[in-house]
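Here is the structure we will look at.
Each chain gets a letter, A, B and so on, in the order the sequences are listed, and its residues count up from 1. Source: prediction; values computed, not measured.
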There are 2 protein chains.
Amino acid sequence: MSASGSEIKVAVDAIVFGYSKNEGVSILLIQRKYPPFKNMWAIPGGFVLPDESLEEAVRRELVEETGIGVNYLEQLYTFGEPDRDPRKRVISIAYFALVKSAQFQQLKASTDAENAQWFNFKNLPSLAFDHKKILNLAIERVRTKIRYQPIGFELLDRKFPFSDLEKLYITLLDRDIDRRNFSKKMLALGILDETNEYAKSEGKGRPSKMYQFNKKRYQELVKEGINFEI
Amino acid sequence: MSASGSEIKVAVDAIVFGYSKNEGVSILLIQRKYPPFKNMWAIPGGFVLPDESLEEAVRRELVEETGIGVNYLEQLYTFGEPDRDPRKRVISIAYFALVKSAQFQQLKASTDAENAQWFNFKNLPSLAFDHKKILNLAIERVRTKIRYQPIGFELLDRKFPFSDLEKLYITLLDRDIDRRNFSKKMLALGILDETNEYAKSEGKGRPSKMYQFNKKRYQELVKEGINFEI
DNA sequence: ACAAAAGTGTTAAAGTTACACCCATGT
DNA sequence: ACATGGGTGTAACTTTAACACTTTTGT
């Protein structure tokens, strides 16, 4: 090891994803109040305190800056180019987070965090620092990951109609999905429980059964060596 | 963001993988000269200097501590639990690196770095700090990744007999592979060029043709949307 | 009765797996 | 001539992809 320590600041950032059937995938951004990049949009985040873990830091910053609590959090990548912050050397450990649909819609409506706002992931503003790069990586990661891990359920409510799941995949993968093949495959995995509830109809169409992701069952099956793949 | 910066040190660590047909997969470790964990084995690494990128830091530390230059380097994960170093708060950005077979064998023989040593990945000593956890993650990552990205070639020489590739996969995936099916699949991908060289026989068996990974071709095919998968 | 969304099965094509014998070389 | 590792094809099976009509509800 080198003899001396470093004068480098350590920050965390979190790309928070929300989803609703009608609006698709959204990402939570905050507007900067101070220079540099004053008034520009940025990914929420901040410096890590001496005695908290990285994940604790992310959760704390998210509450402070946006009032949000997330139910899924995963480390994405660490960005550390010497010049990524014009003021000083900052390395940032980026996370991505997923928020359940009902909560996302509540948050959208609330005014708790005046300078936090959701943006559709296909229509994002320009961003401060290297945040565009971070965000693109996060989107790419989520896009890839829903194909081999059941993280999509973290964006839906606990109980959801099958078509919501399908729409989520269509949105993220950005291509059509054959409804019959998709449901066959999903149901064949054995990780979805059918409930005896039905979606309250929204005025049109046949009401759909509500399904529920069975996490325990999934974990058992993982041990037995199944692989989720869509 | 929080107002204040942090008093956290930033380090990088690198899990270096080497491979040879006879010895299988090895990992490069160094023996610590000073407390804490004096004399224990550890993953090479050290603090990031103020003006170098993370990757530069990894390469510099590897040269300083082990005399090695690597040909493939990828970020693995960032470890930041507050208590992972007993002395002070250190977050470490871990990388994994792959070394080509010929170079690995040279390094094994050389005495450049007295306190650096290669260990078979199935027979590792106990390690300082949380390095066991880091190492396990690295092994898991490489194991998974060779199945969907052609990183295996970074462990072989530029030209290699087909059976070396096969043995590498058998070793890492820890299961038998059907020679016929494996070569069919690999060759069907169209990313291996047959050379007109033959392996100099080692006294027994039919000499094998030498193959070569065609990186350009692979990158073209990726753009066209193939997916490498074994 | 019609519009809208949910629910459901079959067939062809592609991909994967299982399996065994001959070939080229050194001793 | 034998021991050793290299090289190769085919058939059964599994998985995936393509495709359209019926059901339930609200208006």
Decide if the gap between the ring center of A/Tyr169 and the ring center of A/Phe182 is smaller than 6.0 angstrom.
yes
Give the table of side-chain donor-acceptor pairs shorter than 3.5 Å for residues 16-25 of chain A, with sequence neighbours excluded, one pair per line with atom names and distance.
from, atom 1, to, atom 2, distance (Å)
A/Tyr19, OH, A/Leu168, N, 3.1
A/Ser20, OG, A/Glu23, N, 3.1
A/Ser20, OG, A/Glu23, OE2, 3.3
A/Lys21, NZ, A/Glu202, OE2, 2.7
A/Glu23, OE1, A/Lys108, NZ, 2.7

With sequence neighbours excluded, give me every ring-ring contact (aromatic ring centres under 6.0 Å, His included) pair touching residues 58-77 of chain A.
A/Tyr77-A/Phe79
Whole-Å gap separating C1' (D/dT16) and CG (A/Asp176):
17 Å
For atom CG of A/Leu165 and atom C1' of C/dG7, their distance in whole Å
15 Å
To the nearest Å, how far apart are B/Met210 CE and C/dA24 P?
19 Å
Check nucleotides 6-13 of chain D against the protein and report each pair of N or O atoms closer than 3.5 Å, with its distance, or say if there are none.
from, atom 1, to, atom 2, distance (Å)
D/dG6, OP1, B/Ser163, OG, 2.7
D/dG6, O4', B/Arg206, O, 3.4
D/dG6, N7, B/Arg179, NH1, 3.4
D/dG7, OP1, B/Lys209, N, 2.9
D/dG7, N7, B/Arg179, NH1, 2.4
D/dG7, O6, B/Arg179, NH2, 3.4
D/dT10, O4, B/Lys184, NZ, 2.8

Rounded to whole angstroms, how far apart are CD1 on B/Ile177 and P on D/dG5?
18 Å
Ion pair check, B/Arg59 and B/Glu56, cut-off under 4.0 Å:
no
For A/Met186 and D/dT16, what is the distance between atoms CE and P respectively, to the nearest whole Å?
13 Å
Can you tell me how the ring of A/Phe162 sits relative to the ring of A/Tyr211, calling it parallel under 30°, perpendicular over 60° and tilted otherwise?
perpendicular
Nearest-angstrom distance from the residue atom NZ of A/Lys185 to P of D/dA18
12 Å
Whole angstrom is fine here: how far is it from CZ in B/Phe182 over to C1' in C/dG15?
17 Å
Check A/Glu194 with A/Lys159, please: is the shortest side-chain N to carboxylate O separation under 4.0 Å?
no
Whole-Å distance, A/Leu173 CG to D/dA17 P, equals 12 Å
